[in-house]
Amino acid sequence: MEDQSRLLQPHPGVGMAVHSLPPHSQSDGGDPEGRKQDIGDILQQIMTITDQSLDEAQARKHALNCHRMKPALFSVLCEIKEKTVLSIRGVQEEEPPDPQLMRLDNMLLAEGVSGPEKGGGSAAAAAAAAASGGSPNDNSIEHSDYRAKLSQIRQIYHSELEKYEQACSEFTTHVMNLLREQSRTRPISPKEIERMVSIIHRKFSSIQMQLKQSTCEAVMILRSRFLDARRKRRNFSKQATEVLNEYFYSHLSNPYPSEEAKEELAKKCGITVSQVSNWFGNKRIRYKKNIGKFQEEANLYAAKTAADATTVVGQQGSQANSPSTPNSGGFPAPCYTPDRRIQ
DNA sequence: TTCTATGATTTACT
DNA sequence: AGTAAATCATAGAA
């Protein structure tokens, strides 16, 4: 605290620079030549202080500190300082927020890497789902995989960030202590300390920026891999296709399975409900577009269901609960409508 | 390599 | 929300 009060305070009793030395310096014989010699000596000592060993330098420093001319020299330094500080001031003050950094921050926030952790990274999953426009309830395997990888990235990011912050604050306090220590021998304004701190922070934030950049890259790579995986098409098993086709052709007049039916089909085929929906969507449109092409297939499945029906009918009586007649043979171009199905 | 089949995605509509 | 229609992208056949 005592140091602080000393910062840049013109030494009491000392007015202007070299010309007004403390009175007792003049009692040194009052010889101008001798005084010049004296100052020259001191300056010489200061200049050569770096050439000495540490112990010598410490001793010298102490000696200089106690020198009777020290206050005068100190005040000179203060004055010089005051002038230079004035010229520095204003040159660098404003710190415009880096657009690049803001972009990175925004992206990390959007991806759920930075910002508050929401229950098990669901924010990230939601963000991914929203970004890809996919239905959020399927692809659970990929989703969990993606989430796991993302939370890993998140973890690394945060631990690194913490490390940087710790290092930064450690370094800052170290430098501040150093400056405070130095303020015993040279005048250091609080402004200067502030400046130094901001320089340090800038340096560290540029390192942080690198971290953010590489984190963003990692997320991008993960994202693209994830999306690629989703886009990668795997044909359904023969058996699954058979089950779906069976349903489709036996419900040809109304090939719109209910939610329950879809679930059942999904279970039978080992695929998701939205895959079933996709399949029926594709099938309807493709069948409608080119009925002729599907004729053979239709006949095949019609015969199949008919055969199945007869075996069941044998025991049950009239027609099985197949809701529509699998009008085998000539397929009239059915005109599907989502609400009142066939027209 | 090209072509076709097919699962997934996108867009627009109701 | 569910669908039609167009489109994308890849698997698998030729």
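Naming: A, B, ... by sequence-line order, numbering from 1 per chain. Just so you know, these numbers use all the heavy atoms, side chains as well, and skip hydrogens, waters and symmetry mates.
The two residues A:Asn245 and A:Tyr301 come nearest to each other via the heavy atoms CB-CZ, 3.3 Å.
A:Glu297 and A:Tyr249 share a donor-acceptor pair across their side chains, judged by distance under 3.5 Å alone.
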List, with names and distances, any nitrogen or oxygen atoms from the protein found under 3.5 Å away from nitrogen or oxygen atoms belonging to nucleotides 3-6 of chain B.
residue, atom, partner, partner atom, Å
B:dT6, O2, A:Arg233, NE, 2.9
B:dT6, O2, A:Arg233, NH2, 3.4

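Checking the phosphate oxygens (OP1, OP2) of B:dA8, a side-chain nitrogen or oxygen of A:Gln275 falls inside 4.0 Å. The phosphate of C:dA4 (OP1 or OP2) has no side-chain N or O of A:Lys289 nearer than 4.0 angstrom.
Remark: A:Ile207 CD1 to A:Lys212 NZ distance equals 13.0 Å, nearest 0.5 Å. In this structure, the separation between CD on A:Glu246 and NZ on A:Lys304 is 5.0 Å, given to the nearest 0.5 Å.
One can place CD of A:Glu260 at 14 Å from C1' of C:dG2, the figure rounded to the nearest angstrom. Regarding A:Asn282, its CG atom lies at a distance of 11 Å from the C1' atom of C:dT7, rounded to whole Å. Rounded to whole angstrom, the span from the CD1 atom of A:Ile271 across to the C1' atom of B:dA8 amounts to 12 Å. In this structure, A:Ile285 places its CD1 atom 15 Å from P of B:dC13, rounding to the nearest Å. The nearest whole Å value for the distance from the CD atom in A:Glu263 to the P atom in C:dG2 is 11 Å. Taking atom NZ of residue A:Lys238 and atom P of nucleotide B:dG7, one finds them 14 Å apart after rounding to whole Å. With rounding to whole Å, A:Phe280 atom CZ is found 12 Å from B:dG7 atom P.
For A:Arg234, the listed nucleotide lying nearest its side chain is C:dA11; candidates were B:dT9, C:dA11, C:dA4.
Aromatic ring pairs are classed by plane angle as parallel below 30°, tilted from 30° to 60° and perpendicular above 60°; the pair A:Tyr247 and A:Phe280 is perpendicular.
Applying the salt bridge (charged side-chain N to carboxylate O under 4.0 Å, His left out) test to residues at least two apart or on different chains, the pairs with a partner in residues 161-170 of chain A are A:Glu160-A:Lys163.
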